[in-house]
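To start, the structure under review is shown below, and the notes come after it.
By convention in this document, chain letters (A, B, ...) are assigned in the order of the sequence lines, proteins followed by strands, and residues within each chain are numbered from 1. These figures come from a predicted structure and were not determined experimentally.
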Protein chains: 2
Amino acid sequence: MNAERIISGCGFFLRLDAQRRERLASLAEARTFARGQVIFRQGDDPAGLFIVATGLVRVYQLGPSGKEHVLHLAGPGMTFGEVAVLGDFPAPAFADANRKTTCLLLPSGALRATLRSDHELCLQVLGSMAFWVRHLVGLLEGIVLRDAAGRVAHWLLDQVSEGRTTIELPSQKKDIASHLNLTSETLSRTLRQLREDGLIEEPTGQRIVIKSPERMREVAEGFFPRV
Amino acid sequence: MNAERIISGCGFFLRLDAQRRERLASLAEARTFARGQVIFRQGDDPAGLFIVATGLVRVYQLGPSGKEHVLHLAGPGMTFGEVAVLGDFPAPAFADANRKTTCLLLPSGALRATLRSDHELCLQVLGSMAFWVRHLVGLLEGIVLRDAAGRVAHWLLDQVSEGRTTIELPSQKKDIASHLNLTSETLSRTLRQLREDGLIEEPTGQRIVIKSPERMREVAEGFFPRV
DNA sequence: CGTTCCGGTTGATCTGGATCAAGGCTCGAT
DNA sequence: ATCGAGCCTTGATCCAGATCAACCGGAACG
């Protein structure tokens, strides 16, 4: 697998020139994880910044009751583990592989050294972190201010790339439910409701088609709360 | 008011040397806001990075139903508005002054220019952003994984500086409740419960004394859910 | 000084989504 | 092919916390 190519397809390192991409690629180590394998644990010293090449990684936290909350479902081109490296503190969450997964790892020491020596890279990463904060704020907003249907609708709209209407679910529904702070039962019921209202179709278990983006947007914005 | 002094007391610019502090101070503009005054709105172009000198700022989002969620209560020495500047996108939230408030403003353009020219500063800010992400993740974790009592206990423990036991409430209880995603009624009831269980005392309306940090920690970690 | 208004407390009731329970389906392992 | 072991769905019930409502006390203001 071509490290440079993976790095250039990665949002976190957007708009990096070829030379810098090459430099980062030279630091990278390939890692593969089996289905279900734990990649790191909450409290671990940060190993480095991971970039998913293939597969899917679940980043999650555990509550005292054993409940888990999926913070992030990282598919190809997405990063995880970066925050602890940059802040130099223990990992604030767990990560495991949802299925067989390959990653690039930019080890903590090497990454930090590179950031220290490369001002331009540092600026890029700063911008990416700001986007990550915005994403988290959006997540929080969704969970706090929307009801179950609103969360699901909003998430569905987020998944479709501009203009398309078909969503390939990135993982099992139970993990998507957890990400939205719902139980899988409630997600199932909510999708059924959307189906019955004609807003979506589910031709297969892993695929959802949005039939009416306008009405969906209304549900997401909370205008459609009770029928 | 001394801009350099305020900057040096600000967590976001921790460990900056005198020269850099001075440089930032020279960019800063003083701003004062009356009680209730809106500082910026969701969707606004970012004005810059604000540092609270005196007073208190509420950073919050509005839901479709009109419900507001307080993301951040920024007191003296804390920053807000930084994320939109660094990411160069519209403000993701509203901010208003909870009472008469004075701030330093580092305007977007000047701040970005300084970051571009000062690699060391850039590294500092990167670390601060990572801490901010960790804080947000903690907030999300609290809201998703803890029940009402757990959230309140956790927040109270967060407010006491190491070793002390008295908390001066930074704002009205309704805003604290919103920050914890509770109604003020529920916060009131939860505090009463803690009071009756002998975990806290409320000598006045704005002051809370933690009587038993150990038991409080148990509540925060969810070990005390039903008596 | 009243008086108005807003924040906080407390009580009564309601409800969205969790939890508990029971099949059916898929898919990997044998 | 057969056999689990998860996963998903659907139904029935429950509950933490929201909502509704009433009251109190103090700060702002004429």
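Considering only residues two or more places apart in sequence or on other chains, A:Phe131 meets the ring pair (Phe, Tyr, Trp, His ring centres under 6.0 Å) condition with B:Phe89.
The two residues A:Ala220 and A:Ala153 have their closest heavy-atom pair at N-CB, 3.7 Å. Considering all non-hydrogen atoms of both residues, B:Pro46 and B:Pro90 come closest at CD-CA, 4.4 Å.
A donor-acceptor pair under 3.5 Å links the side-chain atoms of B:Ser178 to the main chain of B:Glu68, judged by distance alone. Using a distance-only test at 3.5 Å, with no hydrogens or angles considered, a donor-acceptor pair links the side chain of A:Thr101 to the main chain of A:Arg99. For the pair B:Ser188 (side chain) and B:Ser184 (backbone), a donor-acceptor distance under 3.5 Å is absent. The closest donor-acceptor contact from the side chain of B:Thr102 to the backbone of B:Thr32 lies at 3.5 Å or more, if one exists at all.
Look at CZ on A:Arg189: it is 9 Å from C1' on C:dG17, rounded to the nearest Å. Regarding A:Leu194, its CG atom lies at a distance of 16 Å from the C1' atom of D:dT9, rounded to whole Å. Atom CZ in A:Arg146 sits roughly 18 Å away from atom P in C:dG16 (whole-Å rounding). Taking atom CG of residue B:Asn181 and atom P of nucleotide D:dA16, one finds them 17 Å apart after rounding to whole Å. Atom CG in B:Leu180 sits roughly 14 Å away from atom C1' in D:dG17 (whole-Å rounding). Rounded to an integer number of Å, the gap from CG of B:Asp147 to P of C:dA18 is 15 Å. Atom CG of A:Leu145 and atom C1' of D:dA18 are 15 Å apart (whole Å). Straight-line distance from the CD atom of B:Gln206 to the C1' atom of D:dA27: 12 Å, rounded to whole Å.
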- Task: Go through the steps for A:Glu196 and A:Arg192 under the test salt bridge (charged side-chain N to carboxylate O under 4.0 Å, His left out), then give the verdict.
- Result: CA-CA 6 Å; A:Glu196 285 174 358; A:Arg192 175 157 64 116; 3.7 Å; yes
Are there any protein N/O atoms within less than 3.5 Å of an N/O atom in nucleotides 3-9 of chain C, and if so, which ones and at what distance?
from  : atom 1 : to       : atom 2 : distance (Å)
C:dG8 : OP1    : B:Lys173 : N      : 2.7
C:dG8 : OP2    : B:Lys174 : N      : 3.1
C:dT9 : OP1    : B:Lys173 : NZ     : 3.1
C:dT9 : OP2    : B:Ser188 : OG     : 3.3
C:dT9 : O5'    : B:Ser188 : OG     : 3.3

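For the OP1/OP2 pair of D:dA18 and a distance below 4.0 Å, the side-chain nitrogens and oxygens of B:Thr186 include at least one atom meeting the criterion.
For the salt bridge (charged side-chain N to carboxylate O under 4.0 Å, His left out) with A:Glu221, the qualifying choice from A:Arg151, A:Arg146, A:Arg215 is A:Arg146, the only one to do so.
End-to-end axis angle of the helix from C:dC1-D:dG30 to C:dT30-D:dA1, from C1' rotation axes over five pairs per end: 50° (rounded to 10 degrees).
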